[in-house]
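Structure, as structure tokens:
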Amino acid sequence: MKLYLDDYRTPPRDAGYISADNYADFLTLLDTYRYCIELADLDYDLGYDSLYSGYHVLVYMKEHGICPGHINIHSTHDTGRVKMLKYAAANFPDALITGWESVY
């Protein structure tokens, strides 16, 4: 299962994603598909009025033992993207972590 989180963008067409545009709905997807998540594709910003970010999703995943095979950070928020990538690399050692290419 490929999960996509972004409040503004939509996932690539015909890529087989299930998507959510907010924190709460994405947590529902994580809990529903927790044992078969191939890819978690995450944004950092989840709307100007959101109390949560994609970083909080990573923390939730760690706290609940949810470890997809691949975590991609597609955020354009420079500081948030780096924070998420560092957290993912430190806490999901068995996952492929992508998104670094847009950091440097």
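FYI, side chains are in, hydrogens and waters are out, and symmetry mates aren't considered; it's all heavy atoms of this structure.
Put simply, CG on Leu58 and CG on Leu85 are 9.0 Å apart, with the number rounded to the nearest 0.5 Å. Remark: Leu27 CG to Asn22 CG distance equals 9.0 Å, nearest 0.5 Å. Atom CG of Asp45 sits about 13.0 Å away from atom OH of Tyr8, to the nearest 0.5 Å. How far CD1 of Ile71 is from CD1 of Ile37: 9.5 Å, rounded to the nearest 0.5 Å. To the nearest 0.5 Å, atom OG of residue Ser19 and atom CG of residue Asp6 are 9.0 Å apart.
Nearest heavy atoms, Leu5 versus His74: O-CE1, 3.4 Å. When every heavy atom of Thr28 is checked against every heavy atom of Thr32, the shortest pair comes out as O-OG1, 2.7 Å. Between Pro68 and Met61, the shortest heavy-atom distance links the atoms CD-CE, 3.3 Å. For Leu29 against Ala20, the heavy-atom pair with the smallest separation is CD1-CB, 3.8 Å. Nearest heavy-atom pair across Ile73 and Arg81 is CG2-CG, 3.7 Å. Nearest heavy atoms, Ala88 versus Ile97: CB-CD1, 3.8 Å.
At a threshold of 4.5 Å between non-hydrogen side-chain atoms, the residues Ile66 and Tyr60 count as touching. At a threshold of 4.5 Å between non-hydrogen side-chain atoms, the residues Phe26 and Leu42 count as touching. With a 4.5 Å cut-off on side-chain heavy atoms, Phe92 and Tyr87 count as touching. In this structure, His70 and Thr98 have side chains that are in contact, with non-hydrogen atoms separated by less than 4.5 Å.
By the criterion of side-chain heavy atoms lying less than 4.5 angstrom apart, applied directly or through intervening Ile, Leu, Val, Met, Phe, Trp or Tyr residues, Tyr4 is not grouped with Met1; the two fall into different hydrophobic clusters. Clustering ILVMFWY residues whenever any of their side-chain heavy atoms sit less than 4.5 angstrom apart, transitively, puts Leu3 in the very cluster that holds Val59. Both Ile18 and Tyr23 are assigned to one and the same hydrophobic cluster, defined by single-linkage of ILVMFWY side chains at heavy-atom distances under 4.5 Å.
When the shell of 6.0 Å around OH of Tyr52 is examined, it contains 12 or fewer heavy atoms from other residues, nucleotides or ligands.
Looking only at distances, no side-chain donor or acceptor of Arg9 sits under 3.5 Å from a matching main-chain atom of Asp43. In this structure a side-chain-to-backbone donor-acceptor pair under 3.5 Å is missing from Asn91 to Lys62. Under a 3.5 Å cut-off, the side chain of Lys83 and the backbone N or O of Tyr55 do not form any donor-acceptor pair.
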